[in-house]
Amino acid sequence: MTTKVAFLGPEGTYTHQAVLQQFGSNDIEISPQQTIGDCFQAINTNFVDFAVVPFENSTNGQVVFTYDLLRDWFLSQEKQCQFKIVGEQFVSIHHNLLSNGSLDSINTIYSHPQVWTQVCGYLSTLPKSITRIDVGSTSKAAELVSEDKTNKSAAISSLMSSKLYNLPILKANIEDNVSNTTRFLILGYKEPPAHDTNNKEVEKVTSLMFTLPHDDPGALCDVLVQFKENGINLTSISSRPANLQPWQYVFFVETVGKINSEVLKSIQKLCRDVAILGEFNRNWRFSQTPEKE
């Protein structure tokens, strides 16, 4: 049976790589989407079986569009979504300079806006006269360069894009941080098929978010104490504006293990809203070595 998967497109992006890591390339129908919001809509309408979206990068931090969409979908009384976070993938990010021209002839470089801060060291070695242009994805950057008949432009993109658009790699692995990694969420209604069946190094993770009474001093501390007193390992906490009242925030929390009903009730008593975003297995096996042919 074919599995249909939506992801932030186009093909050749790092999100596409996350799809292949999770689902492989057999018995899968991919559905590239123009925006992260489109991915949420695709899974909510059951147009696809799963959706894969970027969540955070080890260098640049939050993908705020995904955080805000989780907030809007799971806190909205109107949407009442049934999908959850059912998995995750970690993709090592290795940037390459792609072009049909020579390094000396390049006068324009295309890439995604988030990429520039990840390749500062290499960019500092290039002439300051080179123009940098933002595009929607690293794959789109490669596509534009492949269509350039002057051969005076280059793209900072992935190995997958190099192969997809038949663009030579002028300089490989130009990222400042060789361990630069992006984490992707898998949205769906059931646990996704495990592509790597040999890896036993997994742990159960619970993801939830909550809002607090706006003017209650110490409210956040009171909630966090519940995790400590019940022996729950809190692995991350972050926040975004709640869009309910000015200066009110929604807090995103992840824990190791499942939160039992009694602990959940104690947290709910202290919060204005609580939503379980998902329970899923964390697979710690992911490559941090440069991509190679």
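Side-chain N or O atoms of Lys84 include one that pairs as donor or acceptor with a backbone N or O of Ile276 at under 3.5 Å. In terms of modelled atom types and a separation under 3.5 Å, the side chain of Thr206 and the main chain of Gly257 share a donor-acceptor contact. At distances below 3.5 Å, at least one donor-acceptor pair connects side-chain atoms of Ser139 with backbone N or O atoms of Glu11. At distances below 3.5 Å, at least one donor-acceptor pair connects side-chain atoms of Asp176 with backbone N or O atoms of Cys120. The closest donor-acceptor contact from the side chain of Thr211 to the backbone of Asp273 lies under 3.5 Å. Without hydrogens or angle criteria, Asn44 side chain to Phe40 main chain gives no donor-acceptor distance under 3.5 Å. The backbone N or O of Phe90 sits less than 3.5 Å from a side-chain atom of Gln21, completing a donor-acceptor pair.
Both Leu212 and Leu208 sit in one connected hydrophobic cluster of ILVMFWY residues. Membership requires side-chain heavy atoms under 4.5 Å apart, directly or through other members. At a threshold of 4.5 Å between side-chain heavy atoms, the hydrophobic network of Ile, Leu, Val, Met, Phe, Trp and Tyr places Val274 and Phe227 in one connected group. Val178 and Leu123 sit in two unconnected hydrophobic clusters of ILVMFWY residues. Membership requires side-chain heavy atoms under 4.5 Å apart, directly or through other members. One hydrophobic cluster, built from ILVMFWY side chains closer than 4.5 Å, holds both Leu224 and Ile232. Both Phe83 and Val205 belong to a common hydrophobic cluster when Ile, Leu, Val, Met, Phe, Trp and Tyr are linked at side-chain heavy-atom distances under 4.5 angstrom.
For the atom pair Ile267 CD1 and Ile259 CD1, the distance stands at 5.0 Å (nearest 0.5 Å). Expressed to the nearest 0.5 Å, how far CG of Asn233 lies from CD of Glu203 amounts to 8.0 Å. Atom CD of Gln41 is separated from atom OG1 of Thr45 by 5.5 Å, given to the nearest 0.5 angstrom. A distance of 11.5 Å separates CG in Asn173 from CG in Asn180, rounded to the nearest 0.5 Å. Atom-to-atom distance recorded for Leu185:CG and Ile85:CD1 is 4.5 Å, nearest 0.5 angstrom. The OG atom of Ser146 lies 10.0 Å from the CG atom of Leu98; values are rounded to the nearest 0.5 Å.
For the pair Ala142 and Ser157, the tightest heavy-atom approach, listed with the atom from each and the gap, is CB-OG, 4.1 Å. Residues Ser99 and Leu167 share a closest heavy-atom pair of C-CD2, 4.3 Å. Here the closest non-hydrogen pair linking Ser111 and Thr138 is OG-CG2, 3.9 Å. Annotation for Glu175 and Val119: closest pair CA-CG1, 3.9 Å, computed over non-hydrogen atoms. Of all heavy-atom pairs between Thr15 and Leu8, the closest is CB-O, 3.6 Å. Minimum interatomic distance between Thr117 and Gln114 (heavy atoms only, all atoms of both residues): OG1-O, 3.3 Å.
Annotation: side chain of Ile36 is in contact with side chain of Val63 (closest heavy-atom distance under 4.5 Å). Side-chain atoms of Ser31 and Phe7, non-hydrogen and from C-beta on, never get closer than 4.5 Å to each other. Asp134 places none of its side-chain heavy atoms less than 4.5 Å from the side chain of His112. By the 4.5 Å heavy-atom criterion applied to side chains, Arg132 and Thr108 are not counted as neighbours. Annotation: side chain of Asn151 is not in contact with side chain of Ile106 (no heavy-atom distance under 4.5 Å). For the pair Ile186 and Phe280, the minimum side-chain heavy-atom distance is 4.5 Å or more. The shortest distance between side-chain heavy atoms of Leu144 and Val135 falls below 4.5 Å. By the 4.5 Å heavy-atom criterion applied to side chains, Asn57 and Thr181 are not counted as neighbours.
Listed by chain and residue number, Phe23 satisfy the ring-ring contact (aromatic ring centres under 6.0 Å, His included) test with Phe50 (two or more places apart in sequence, or in another chain). With sequence neighbours excluded, the residues satisfying salt bridge (charged side-chain N to carboxylate O under 4.0 Å, His left out) with Lys140 are Glu143.
Under the 3.5 Å distance criterion, with hydrogens and angles disregarded, no donor-acceptor pair is assigned to the side chains of Asn107 and Ser153.
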Which is it for Gln118 and Asn60 under the side-chain contact (heavy atoms from CB on, under 4.5 Å) test, yes or no, and what are the steps along the way?
CA-CA 8 Å; Gln118 299 175 7; Asn60 292 97; 2.4 Å; yes
Just do the side-chain contact (heavy atoms from CB on, under 4.5 Å) check on Met209 and Leu277 with the steps written out, would you?
CA-CA 7 Å; Met209 66 180 183; Leu277 303 179; 4.1 Å; yes
Stepwise, does the side-chain contact (heavy atoms from CB on, under 4.5 Å) test hold for Gln268 with Leu264?
CA-CA 6 Å; Gln268 289 172 328; Leu264 184 59; 3.9 Å; yes
Do Leu126 and Ile109 pass the side-chain contact (heavy atoms from CB on, under 4.5 Å) test, and can you show the C-alpha distance, the side-chain angles, and the key distance before you say yes or no?
CA-CA 11 Å; Leu126 300 179; Ile109 299 178; 3.7 Å; yes
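Sparse packing is recorded around CG of Asn166, with 12 or fewer heavy atoms of other residues, nucleotides or ligands lying under 6.0 Å away. Environment of NZ in Lys204: crowded, with over 12 heavy atoms of neighbouring residues, nucleotides or ligands closer than 6.0 Å. By the neighbour-count criterion of 12 heavy atoms within 6.0 Å, atom OH of Tyr189 is densely surrounded, having more than that number from other residues, nucleotides or ligands. Within 6.0 Å of the CD atom in Gln34, the count of heavy atoms belonging to other residues, nucleotides or ligands does not exceed 12.
Each salt bridge (Lys or Arg N to Asp or Glu O under 4.0 Å) pair with one or both residues in residues 95-109, not counting sequence neighbours, would appear here, but there are none. The ring pair (Phe, Tyr, Trp, His ring centres under 6.0 Å) contacts involving residues 235-257 comprise Tyr67-Phe252, Phe210-Phe251, where partners must be two or more places apart or lie in separate chains. The salt bridge (Lys or Arg N to Asp or Glu O under 4.0 Å) analysis of residues 146-158, with sequence neighbours excluded, yields no pairs. Evaluation of the salt bridge (Lys or Arg N to Asp or Glu O under 4.0 Å) test over residues 182-193, restricted to residues two or more places apart or in two chains, returns Glu56-Arg183, Glu88-Arg183, Arg183-Glu254.
Salt-bridge formation is not detected for the pair Asp49/Lys4: no Lys NZ or Arg NE/NH1/NH2 atom is positioned less than 4.0 Å from an Asp or Glu carboxylate oxygen.
Here His95 and Tyr14 bring their ring centres to under 6.0 angstrom of each other.
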